[in-house]
Student: 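The structure follows.
Computed from heavy atoms alone, side chains included, the values below leave out hydrogens, waters and symmetry copies. Every value quoted in this text rests on a predicted model; they were computed, and no experiment measured them.
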Amino acid sequence: MKTALRRIYFGLILFLMYAPIVTLMILSFNASKSRTKWGGFTLSWYVSLFQDEAIMSALYNTLVIALVSAFLATLLGTAASIGISAMKPRAKTVFMGITNIPILNSEIVTGISLMLLFIACRVTLGFTTILLSHITFCIPYVILSVMPKLKQTDKSTYEAAQDLGAGPIYAFFKVVFPDIMPGVVSGFLMAFTMSLDDFIITHFTKGPGIDTLSTKIYAEVRKGIRPEMYALSTLLFVTVLVLLILINSSPKGSADTKVTASRKGRKWVFRLAVPAVLLIIFIGGGIGYSLKNAGNASGEKLIVYNWGEYIDPEVLDMFEEETGISVTYEEYETNEIMYPKIQSHAIAYDVVCPSDYMIQRMIENDLLAEINWDNVPNIKNIDPSYMEQSENFDPGNNYSVPYCVGTVGILYNTKMVDEPVDSWDILWDEKYKDNILMQDSVRDAFAVALKRNRNSLNSVDVNELNQAANDLIEQKPLVQAYVVDQVRDKMIGNEAALGVIYSGEAGYTQRENPDLEYVIPKEGSNVWIDSWVIPKNAQNKENAEKFINFMCRPDIALMNFEYITYSTPNKAARELIEDPEVRNSKILFPDQEELKNCETFQYLGEEADNYYNELWNKVKSR
């Protein structure tokens with residue numbers, strides 16, 4: 001009976017450990033992008049994975065950073081351990097306490113501290129800052145591994161070797177180092193693992209165009225995980241599994257049997273397999289990087305900071321080909337994530353695409369450079385009505401060029417919602433519990449609650465804001481999730497009945513799932529404009545203006561519209577839309593009657609912003 005219970009318990013543990021991995025592996029062969037529907041067996045995600053330059057670049061960065069930081073941290077940590085072990089007891093205790101603090105300290109504190117240090121020293125965030133950060137936080141783990149081995153060494157043996165004529169260095173490597181080797185190897189493996197798996201410190205110290213697997217996967221999760229990530233995770237798991245099998249099945253000598261020369265040879269093959277594979281990756285990745293960088297002989301570059309999935313990748317390739325300017329492209333999820341990076345001047349982005357109210361805030365805080373309109377002749381293609389509307393947040397149209405426009409409304413599934421949808425009130429209906437998706441954005445979430453109460457979405461009235469916060473807290477048990485881009489995939493997959501969504505996303509979802517409908521509630525909503533701006537600390541302002549001008553070309557604006565499905569303010573591009581249903585869509589291009597109660601977000605000042613964020617944190621923490 002006990003044996004059976006042990007087996008059941010052991011089986012349950014294995015199931016809990018490996019069921020998620022097996023599920024992930026199965027999804028990597030699913031032809032459908034949906035997690036809930038099997039579309040047949042396919043290897044296309046694996047093919048797509050190796051064709052995805054961003055993912056392969058993240059993989060290579062991860063391995064390089066992990067190996068280099070682990071090697072240098074092991075070198076420095078071992079040297080530090082030797083120095084500490086030679087100290088007097090009191091000094092040794094003090095220094096060991098100091099080295100243990102980073103281990104006990106929260107990673108987010110370490111990450112922010114390192115980021116602030118780099119900013120204070122005017123070090124541009126990028127690959128180098130990630131590497132330095134990883135070396136820094138890995139050193140204490142190496143010391144922790146090496147110190148116990150040093151305590152076990154017999155100092156008299158080292159002294160005896162010197163008495164016999166050996167030099168200090170020779171005696172160390174012949175007598176001491178073999179004894180502490182297990183601790184050194186253990187420290188290296190621990191440092192390698194910590195670096196490989198790190199996200200928080202990397203997130204705070206990375207620059208534009210630099211991603212590791214952890215930051216890349218995080219960015220994908222925020223948008224909805226692509227099937228290529230399942231394929232990548234499967235390959236990583238299988239690789240580790242194969243290496244473990246190779247290491248554990250490598251031939252070992254027996255105490256009673258003499259190991260043959262051929263068996264010794266096989267043993268060395270197994271031992272050298274991992275270094276050989278890593279060396280091939282280094283060489284192959286290095287050659288690939290060299291060939292890639294060789295294509296930009298002019299040295300011209302541009303750093304673009306944009307919303308996730310908000311530009312056709314082919315457009316970036318076309319821009320590079322036509323201008324010879326190399327584009328580094330980075331994404332963000334919300335205006336509130338973007339703003340601190342621009343404000344800190346930690347990274348010199350050349351072109352950014354904020355929303356209306358955030359542009360107003362950036363102008364007021366002197367963070368933007370005026371655009372030289374002589375370099376942007378294609379501004380003539382932008383509908384004058386949107387230029388006029390932009391003056392609400394950019395008086396004189398000196399700093400911004402409209403890129404995408406739209407509204408915020410309710411997307412609902414007609415098979416799951418059996419009543420007319422024309423009001424925000426339905427998002428508080430208890431019969432749709434766990435079937436409601438809300439935007440994970442402070443202004444968008446409060447806009448819903450404020451407009452529901454017939455208040456302005458730019459309200460700074462304390463009573464109105466408190467009422468809106470209380471309403472959101474009341475609604476929270478009904479909400480399935482607070483999301484950003486994932487609302488699109490969830491609604492297409494029939495995972496929710498109602499979702500707050502941007503009009504451009506709604507147009508796309510309807511094409512994928514005919515059961516979905518979009519409505520602007522009668523109480524009104526937000527009419528938004530996302531525009532291109534140039535930060536004041538941009539290092540490539542003329543290239544930024546070339547990029548903005550390129551984006552205003554009718555054919556380019558049409559490509560972006562067809563890719564991201566958000567309404568374009570480019571009137572010349574709209575005329576090029578072939579499908580009359582799309583060209584005249586009320587979702588993408590609503591008439592003035594539907595917009596009569598709608599407003600554009602405005603920047604409300606730092607005090608009001610802080611109060612909004614305080615209330616939002618209160619809502620999210622409940």
Student: Output, in order, the C-alpha distance, side-chain angles, deciding distance and verdict of side chain to side chain contact (heavy atoms under 4.5 Å, CB included) for E430 and L478.
Tutor: CA-CA 6 Å; E430 291 190 1; L478 310 179; 4.0 Å; yes

Student: Please report the shortest heavy-atom distance between A348 and I303, naming the atom on each side.
Tutor: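 Heavy atoms of A348 and I303 come nearest at O-CD1, 3.7 Å.
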
Student: Just to verify, what does P477 make a side-chain contact (heavy atoms from CB on, under 4.5 Å) with, not counting sequence neighbours?
Tutor: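 Partners of P477 by the side-chain contact (heavy atoms from CB on, under 4.5 Å) criterion come out as none, since no residue qualifies.
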
Student: Is it true that a side-chain atom of T129 and a backbone atom of T205 form a donor plus acceptor pair closer than 3.5 Å?
Tutor: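 Yes: the side chain of T129 pairs with the backbone of T205.
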
Student: Just checking, any donor-acceptor pair under 3.5 angstrom between side chains of E523 and S423?
Tutor: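 Their side chains do contain a donor-acceptor pair, which is all the 3.5 Å distance test asks for.
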
Student: Who pairs with D383 by side-chain contact (heavy atoms from CB on, under 4.5 Å), at least two apart in sequence or on another chain?
Tutor: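 Scan of D383 (side-chain contact (heavy atoms from CB on, under 4.5 Å), adjacent residues dropped) gives S385, Y386, K571.
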
Student: Pairs under 3.5 angstrom only: tabulate donor-acceptor contacts from the side chains of residues 400-409 to other protein residues two or more places apart or in another chain.
Tutor:
{"unit_1": "S400", "atom_1": "OG", "unit_2": "D394", "atom_2": "OD2", "d": "2.8"}
{"unit_1": "Y403", "atom_1": "OH", "unit_2": "Y310", "atom_2": "O", "d": "2.7"}
{"unit_1": "T407", "atom_1": "OG1", "unit_2": "Y518", "atom_2": "OH", "d": "2.7"}

Student: Would you mind reporting whether Y339 and L367 have side-chain heavy atoms less than 4.5 Å apart?
Tutor: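 Of all side-chain heavy-atom pairs linking Y339 with L367, at least one is under 4.5 Å.
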
Student: Show your working on ring pair (Phe, Tyr, Trp, His ring centres under 6.0 Å) between Y218 and F199 and close with a plain yes or no.
Tutor: CA-CA 9 Å; Y218 171 76; F199 164 73; 4.8 Å; yes

Student: Is the shortest heavy-atom distance from the side chain of K216 to the side chain of I55 under 4.5 Å?
Tutor: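 Answer yes - side chains close enough.
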
Student: When rounded to the nearest 0.5 angstrom, what distance separates CD in Q389 from OG1 in T600?
Tutor: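 Atom-to-atom, Q389:CD and T600:OG1 are 4.5 Å apart.
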
Student: Would you find a donor on one side and an acceptor on the other, under 3.5 Å apart, between the side chain of N597 and the backbone of G524?
Tutor: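 Here the side-chain-to-backbone pair does not exist.
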
Student: Under the side chain to side chain donor-acceptor pair (under 3.5 Å) rule, collect the residues that match up with N306, sequence neighbours excluded.
Tutor: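 If we apply the side chain to side chain donor-acceptor pair (under 3.5 Å) test to N306, skipping adjacent residues, the hits are Y329.
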
Student: Cation-pi between R583 and F589: NZ/CZ under 6.0 Å from ring centre and within 45° of the ring axis?
Tutor: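 Because its charged atom misses either the 6.0 Å distance or the 45° angle limit, R583 does not stack over F589.
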
Student: Do M318 and I556 come within less than 4.5 Å of each other through their side chains, counting heavy atoms only?
Tutor: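 Side chain of M318 against side chain of I556, heavy atoms only: contact under 4.5 Å found.
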
Student: With distance as the sole criterion, is a donor-acceptor pair present between the side chains of D350 and N540 under 3.5 Å?
Tutor: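 Indeed, the side chains of D350 and N540 share at least one donor-acceptor pair under 3.5 Å.
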
Student: Does anything in residues 443-501 form a ring-ring contact (aromatic ring centres under 6.0 Å, His included)? List the pairs, not counting sequence neighbours.
Tutor: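 Qualifying pairs, neighbours excluded: F446-Y612, Y482-W616.
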
Student: Can you check whether E545's main-chain N or O pairs, donor with acceptor, with N375's side chain at less than 3.5 Å?
Tutor: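 No, N375 side chain to E545 backbone: no donor-acceptor pair under 3.5 Å.
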
Student: Going by heavy atoms in the side chains, are V352 and W532 under 4.5 Å from each other?
Tutor: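 Sidechains of W532 and V352: no contact.
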
Student: Is it the case that the ring center of F393 lies less than 6.0 angstrom away from the ring center of W528?
Tutor: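 W528 vs F393: aromatic centres not under 6.0 Å.
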
Student: Does atom CD (E314) have a neighbourhood of more than 12 heavy atoms from anything else shown, all under 6.0 Å?
Tutor: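 Counting other residues, nucleotides and ligands, CD of E314 stays at 12 neighbours or fewer.
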
Student: Return the set of residues passing side-chain contact (heavy atoms from CB on, under 4.5 Å) with E419 (not counting sequence neighbours), or none when no residue passes.
Tutor: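 E419 satisfies side-chain contact (heavy atoms from CB on, under 4.5 Å) with V417, I426, D429, K431, Y432 once adjacent residues are dropped.
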
Student: Could you tell me whether the side chain of L232 reaches within less than 4.5 Å of the side chain of L213, counting heavy atoms only?
Tutor: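 When only atoms from C-beta onward are counted, L232 and L213 do touch, with a gap below 4.5 Å.
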
Student: Can you name the nearest heavy-atom pair linking D356 to V527, along with the distance?
Tutor: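 Closest pair (atom of D356, atom of V527, distance): OD2-O, 3.8 Å.
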
Student: Heavy-atom count check: over 12 atoms from other residues, nucleotides or ligands less than 6.0 Å from E364 CD?
Tutor: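 Yes, CD of E364 has more than 12 neighbouring heavy atoms, counting only those of other groups under 6.0 Å.
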
Student: Taking all non-hydrogen atoms of both residues into account, name the closest pair between L576 and P554 and its distance.
Tutor: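 L576 and P554 have their closest heavy atoms at CD1-CB, 3.9 Å.
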
Student: Are more than 12 heavy atoms, taken from residues, nucleotides or ligands other than R122, located less than 6.0 Å from that residue's CZ atom?
Tutor: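 Open.
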
Student: Check whether the side chains of N413 and N494 place a donor and an acceptor atom closer than 3.5 Å, and report yes or no.
Tutor: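 Distance-only check passes for N413 and N494.
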
Student: Does the pair D444 and Y502 meet the rule for a side chain to side chain donor-acceptor pair (under 3.5 Å), with working shown?
Tutor: CA-CA 10 Å; D444 287 329; Y502 302 115; 2.4 Å; yes

Student: Could you tell me which residues satisfy salt bridge (charged side-chain N to carboxylate O under 4.0 Å, His left out) with E322, sequence neighbours excluded, listed by chain and number?
Tutor: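 In terms of salt bridge (charged side-chain N to carboxylate O under 4.0 Å, His left out), with neighbours along the sequence ignored, E322 is linked to R553.
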
Student: Are T212 and N61 close enough, and set up right, to give a side chain to side chain donor-acceptor pair (under 3.5 Å), and what steps lead you there?
Tutor: CA-CA 6 Å; T212 61; N61 288 337; over 6 Å; no

Student: Could you check whether atom NZ of K415 has more than 12 heavy atoms from other residues, nucleotides or ligands sitting under 6.0 Å from it?
Tutor: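 Incorrect, the count does not exceed 12.
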
Student: Just checking, any donor-acceptor pair under 3.5 angstrom between side chains of T215 and D211?
Tutor: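 On atom types as modelled, these side chains qualify, holding a pair under 3.5 Å.
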
Student: Enumerate the ring-ring contact (aromatic ring centres under 6.0 Å, His included) contacts for residues 340-384, please, sequence neighbours excluded, ordered by first and then second residue.
Tutor: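 Passing the test, one end in residues 340-384: Y305-Y349, Y357-F601.
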
Student: Under 3.5 Å, side chain of Q480 to main-chain N/O of N435, donor-acceptor pair present?
Tutor: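 Side chain of Q480 to backbone of N435: no pair is present.
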
Student: Determine, for E599 against K451, whether the closest basic-nitrogen to carboxylate-oxygen distance falls under 4.0 angstrom.
Tutor: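 Yes, E599 and K451 are salt-bridged.
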
Student: What closest approach, in Å, do L450 and S456 show between heavy atoms, and which atom pair accounts for it?
Tutor: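 Nearest pair, atom of L450 first, then S456: CD1-O, 3.6 Å.
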
Student: Supply the atom-to-atom distance N453 CG to N463 CG, rounded to the nearest 0.5 angstrom.
Tutor: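 Between atom CG of N453 and atom CG of N463 there are 12.0 Å.
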
Student: Got a second to check how far R574's CZ is from N381's CG, nearest 0.5 Å?
Tutor: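 Those atoms lie 15.0 Å apart.
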
Student: Write down the atom of E336, the atom of P340, and the distance for their closest heavy-atom approach.
Tutor: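 That would be O-CD, 3.0 Å.
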
Student: Could you walk me through whether T323 and E300 pass the side chain to side chain contact (heavy atoms under 4.5 Å, CB included) check?
Tutor: CA-CA 9 Å; T323 63; E300 294 286 331; over 6 Å; no

Student: Can you check whether G504's main-chain N or O pairs, donor with acceptor, with T565's side chain at less than 3.5 Å?
Tutor: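 Yes, the answer is positive, given that a donor and an acceptor are paired below the 3.5 Å cut-off.
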
Student: Run the side chain to side chain donor-acceptor pair (under 3.5 Å) test against K380 and tell me which residues pass, sequence neighbours left out.
Tutor: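 Not a single residue meets the side chain to side chain donor-acceptor pair (under 3.5 Å) criterion with K380.
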
Student: Examine the side chains of E517 and Q510 and answer whether a donor and an acceptor come within less than 3.5 Å of each other.
Tutor: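 Side chains of E517 and Q510: pair found under 3.5 Å.
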
Student: Output all residues satisfying side-chain contact (heavy atoms from CB on, under 4.5 Å) with D422, sequence neighbours left out; order by chain, then residue number.
Tutor: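 Applying side-chain contact (heavy atoms from CB on, under 4.5 Å) to D422 gives K522.
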
Student: Show me the pairs that pass ring-ring contact (aromatic ring centres under 6.0 Å, His included) and involve residues 405-425, at least two apart or across chains.
Tutor: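 The answer is none; no pair qualifies.
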
Student: Are side-chain heavy atoms of L604 and N458 found at a separation under 4.5 Å?
Tutor: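 Heavy-atom side-chain distance check passes, below 4.5 Å.
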
Student: Work out which heavy atom in L411 is nearest to a heavy atom in M491; give both atom names and the distance.
Tutor: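 Taking L411 first and M491 second, the nearest heavy atoms are O-CE, 3.4 Å.
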
Student: Does a side-chain N-to-carboxylate-O contact under 4.0 Å join E542 and K546?
Tutor: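 Salt bridge flag = no for K546 with E542.
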
Student: A side-chain contact here means heavy atoms from C-beta on lying under 4.5 Å apart; do K206 and M115 qualify?
Tutor: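 K206 vs M115: side chains apart.
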
Student: Check step by step if side chain to side chain contact (heavy atoms under 4.5 Å, CB included) holds for C353 and V533.
Tutor: CA-CA 6 Å; C353 188; V533 299; over 6 Å; no

Student: Quick one: which residue pairs count as a salt bridge (charged side-chain N to carboxylate O under 4.0 Å, His left out) with a foot in residues 463-480, not counting sequence neighbours?
Tutor: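 Of all non-adjacent pairs touching residues 463-480, those that pass salt bridge (charged side-chain N to carboxylate O under 4.0 Å, His left out) are R452-D471.
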
Student: Taking the side chain as every heavy atom from C-beta outward, state whether L615 and L465 have any pair of such atoms under 4.5 Å apart.
Tutor: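 In short, these two side chains touch, coming nearer than 4.5 Å.
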
